[in-house]
Amino acid sequence: MAKLWSPAAFRVLLTICCVPQIMLHSHVSAEEYYIRQPPRSVIQTPNKRSESDPQQVHISLAGKDYIRVSWITDDKEAESVVEYGKLPGRYNTMATGEHTSYQFFFYKSGKIHHVKIGPLEPATTYYYRCGGRGPEFSFKMPPASFPIEFAIVGDLGQTEWTNSTLEHVGSKDYDVLLLPGDLSYADFQQPLWDSFGRLVEPYASSRPWMVTEGNHEIESIPIILPHAFKAYNARWLMPYEESGSSSNLYYSFDVAGAHIIMLGSYTDFDEDSAQYKWLKADLAKIDRKKTPWIFVLLHAPWYNTNTAHQGEGESMRNSMEELLYNARVDVVFAGHVHAYERFTRIYDNKADPCGPIYITIGDGGNREGLALEFKEPKSPLSMFQESSFGHARLKILDETRAHWSWYRNNDSDAVIADEVRLESLSTSKQCWGITDGQESSSSSSSSSVTKDEL
């Protein structure tokens, strides 16, 4: 009997009972020119280092000119220190941070370290070592001004498709990675958080990864496990305090000339909530002369013509859409739906040249597979839709121009399947109510999307 109810068996039973996987069954039209690939198997990345060596190393932006280095050790006596410098093997600065750990049923995490280093110089490569031992890592700080390039991918998971996506992301340089929720797909199986951390370490240790939570990070059970996001909050500490937020589930940060807001789809968002009040205050502080671009990331999409997850972001949209519209947010990115879809500028379910562009990019490589069905007839608000795994690039060229490209995973290759030029709303006379008679109706920058012919 003791063997039957071992910790491993309990975790399996818990997962089967409490976290059933949703399989999305569909068919692909004979007219499709691209054959969608099926899900691929989950991969687990083992720890090949000693108990004292750092593992699962990742970095994140932590305020102006600062980086937070996070890692885990099995050795509970390992120090929370980072040595760093501008030359390999030569560390002339050291910073000390904090550590935490957590218990999840029979699982006990390793020692989770978070150390903030800086001030650092923009566009500069730093070499660093965690805990005074183990391998050397390096990262490059984002630039202080344009141009800047973001890699964007949602619903990543840890499958063979995830591996493919990460390889494509890493094959071309970028400055910051943005992830709108659903990281490890651990779903109560805590060792999968460790496996995920080791899988992404080569990428997340060399460029800042800025993430927000998805439904797969919740990991709560009423009465039995009432506190949600236990693993996520302990492992993926984001700069919420630096942005005046009271929760790791929503925060903002500036990088180059962009203000980026990460919202929480699975914490309170009504007008009386802390998140709503924080968002309203955060938007009010933005100076579009300093940060002419505003981007928002959240998990459950507010606009979605895929048949999967219909309406799941509607309550949040009803609460917060007007705030984003009045602030002239440029783009809202979401995950959750395992497909790619790009909309025109929208406000209140209508095309509006002063509303954000909405993009769903929940196609990183998760184990649940793709959401293959889109509603018919196609909405005139939806500009491009495809059910394929992939990732995207957002390159901001200057204060007014950016280039968006979505890369489909085509086995060993990443193929550009959708790309557009974007124009910031920050200089739109129409959207800011400036009527000096000098702007023709056909030249307003608030139209903001033109097909890229590059």
Item to complete: Could you give me the CA-CA distance, side-chain angles and deciding distance for Tyr358 and Phe343, then say whether ring-ring contact (aromatic ring centres under 6.0 Å, His included) is met?
Response: CA-CA 5 Å; Tyr358 287 84; Phe343 290 85; 7.2 Å; no
Fill in: Full working for side chain to side chain contact (heavy atoms under 4.5 Å, CB included) between Trp209 and Val200
CA-CA 10 Å; Trp209 275 39; Val200 303; 3.7 Å; yes
Worksheet item: Could you walk me through whether Val296 and Leu263 pass the side chain to side chain contact (heavy atoms under 4.5 Å, CB included) check?
Response: CA-CA 7 Å; Val296 172; Leu263 295 180; 3.8 Å; yes
Discussion item. Between Phe150 and Leu177, is the side chain to side chain contact (heavy atoms under 4.5 Å, CB included) condition met? List the steps.
Written reply: CA-CA 6 Å; Phe150 299 94; Leu177 185 137; over 6 Å; no
Discussion item. Assess the residue pair Thr165 and Thr162 against the criterion (side-chain hydrogen bond (donor to acceptor under 3.5 Å, both in side chains)); give the C-alpha distance rounded to whole Å, side-chain angles, the decisive distance to 0.1 Å, and a yes or no.
Written reply: CA-CA 5 Å; Thr165 299; Thr162 309; over 6 Å; no
Item to complete: Could you give me the CA-CA distance, side-chain angles and deciding distance for Met141 and Ile67, then say whether side chain to side chain contact (heavy atoms under 4.5 Å, CB included) is met?
Response: CA-CA 8 Å; Met141 280 290 286; Ile67 285 284; 3.4 Å; yes
Worksheet item: Please walk me through it: do Asp254 and Lys64 pass salt bridge (Lys or Arg N to Asp or Glu O under 4.0 Å)?
Response: CA-CA 8 Å; Asp254 292 341; Lys64 180 176 172 53; over 6 Å; no
Worksheet item: Would Glu399 and Thr427 satisfy side-chain hydrogen bond (donor to acceptor under 3.5 Å, both in side chains), going step by step from the backbone distance to the final call?
Response: CA-CA 9 Å; Glu399 290 78 3; Thr427 57; over 6 Å; no
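You'll find the side chain of Thr45 stays beyond 4.5 Å of the side chain of Phe196, heavy atoms only. Residues Asp175 and Pro143 are in side-chain contact: their nearest non-hydrogen atoms beyond the backbone lie under 4.5 Å apart. No side-chain heavy atom of Lys378 sits under 4.5 Å from any side-chain heavy atom of Thr305. In this structure, Ile43 and Thr159 have side chains that are not in contact, with every pair of non-hydrogen atoms separated by 4.5 Å or more. Counting only heavy atoms from C-beta outward, the side chains of Trp193 and Tyr185 never approach each other to under 4.5 Å. Proximity of Asn163 to Trp161: side-chain heavy atoms (C-beta onward) are nowhere separated by under 4.5 Å. In this structure, the side chains of Tyr107 and Pro191 come closer than 4.5 Å at one or more pairs of heavy atoms. The closest side-chain heavy-atom distance from Leu178 to Phe295 is not below 4.5 Å.
The two residues Phe146 and Asp398 make their nearest non-hydrogen contact at CD1-C, 3.5 Å. Across every non-hydrogen atom of Leu381 and Asn349, the tightest pair is CD1-O, 3.7 Å. Considering all non-hydrogen atoms of both residues, Phe269 and Ser315 come closest at CE1-C, 3.6 Å. Considering every non-hydrogen atom in both Ala402 and Ile396, the closest pair reads CB-CA, 4.0 Å. For the pair Leu279 and Met320, the tightest heavy-atom approach, listed with the atom from each and the gap, is CD2-SD, 3.8 Å. The two residues Gly154 and Pro180 make their nearest non-hydrogen contact at CA-CD, 3.7 Å.
With Tyr174 contributing its side chain and Leu394 its backbone, the two residues share no donor-acceptor pair below 3.5 Å. Distance alone, capped at 3.5 Å, is enough to place a donor-acceptor pair between the Ser265 side chain and the Ala300 backbone. Side-chain atoms of Thr400 do not come within 3.5 Å of backbone N or O of Glu423 as any donor-acceptor pair. In this structure a side-chain-to-backbone donor-acceptor pair under 3.5 Å is present from Ser424 to Pro292. A side-chain donor-acceptor contact under 3.5 Å links Ser243 to the backbone of Tyr240. The main-chain N or O of Ala308 is found under 3.5 Å from a side-chain atom of Asn304 such that the two form a donor-acceptor pair. Using modelled atom types, one side-chain atom of Thr291 and one backbone atom of Asp287 make a donor-acceptor pair closer than 3.5 Å. Put simply, the side chain of Tyr303 never gets that close to the backbone of Ile346: no donor and acceptor are under 3.5 Å apart. Formation of a donor-acceptor pair under 3.5 Å by the Glu201 side chain with backbone atoms of Val57 is found in this model. Under the 3.5 Å distance criterion, the side-chain polar atoms of Arg345 are matched with a main-chain donor or acceptor of Gly355.
Between His309 and His336, the side chains place a donor N or O and an acceptor N or O closer than 3.5 Å (distance only, hydrogens not considered). Using modelled atom types and a 3.5 Å distance limit, the side chains of Arg367 and Gln158 yield no donor-acceptor pair. No side-chain N or O of Ser382 forms a donor-acceptor pair with one of Ser379 less than 3.5 Å apart. For the residue pair Ser195 / Gln44, no side-chain donor-acceptor distance below 3.5 Å is found, with atom types taken as modelled. Between the side chains of His338 and Asp363, not a single donor N or O lies within less than 3.5 Å of an accepting N or O. With no hydrogens or angles considered, a side-chain donor-acceptor pair links Asp352 and Tyr325 at under 3.5 Å. Side-chain polar atoms of Trp302 and Glu312 form no donor-acceptor pair below 3.5 angstrom. With hydrogens and angles left out, the side-chain atoms of Asn306 and Glu341 include no donor and acceptor closer than 3.5 Å. The closest side-chain donor-acceptor pair between Gln430 and Ser428, if any, does not fall under 3.5 angstrom. Between the side chains of Asp155 and Asn366, no donor-acceptor pair is found at a separation under 3.5 Å. Inspection of the His299 and Glu213 side chains reveals no N or O donor paired with an N or O acceptor under 3.5 Å. In this structure, a donor-acceptor pair under 3.5 Å is absent between the side chains of Ser245 and Ser247. Between the side chains of His58 and Ser205, no donor N or O sits under 3.5 Å from an acceptor N or O.
Within 6.0 Å of atom CD in Glu322, 12 or fewer heavy atoms from other residues, nucleotides or ligands are found, so the atom counts as exposed in its surroundings.
Relative orientation of the His391 and Tyr407 rings is parallel, given thresholds of 30° and 60° on the angle between their planes. Using a 30° and 60° split on the angle between ring planes, Trp404 and Tyr340 fall in the parallel class, below 30°. Aromatic ring orientation, Tyr232 versus Phe229: perpendicular (interplanar angle above 60°, classes split at 30° and 60°).
A cation-pi arrangement, defined by a distance under 6.0 Å to the six-membered ring centre and an angle within 45 degrees of its axis, is absent between Arg207 and Tyr203. For the pair Lys230 and Tyr102, the cation-pi test (distance below 6.0 Å, angle within 45°) is failed.
Counting only residues at least two apart or on different chains, the side chain to side chain donor-acceptor pair (under 3.5 Å) pairs with a member in residues 268-282 are Ser252-Asp282, His259-Asp282.
The pair Arg317-Glu314 meets the salt-bridge criterion, since a charged nitrogen lies less than 4.0 angstrom from a carboxylate oxygen. Using a 4.0 Å cut-off between charged side-chain N and carboxylate O, Lys116 and Glu242 make a salt bridge. A salt bridge between Arg288 and Asp330 is present, with a side-chain N of the basic residue lying under 4.0 Å from a carboxylate O of the acidic one. Between Glu149 and Arg393 there is a salt bridge, since at least one side-chain N of the basic residue sits less than 4.0 Å from a carboxylate O of the acidic one.
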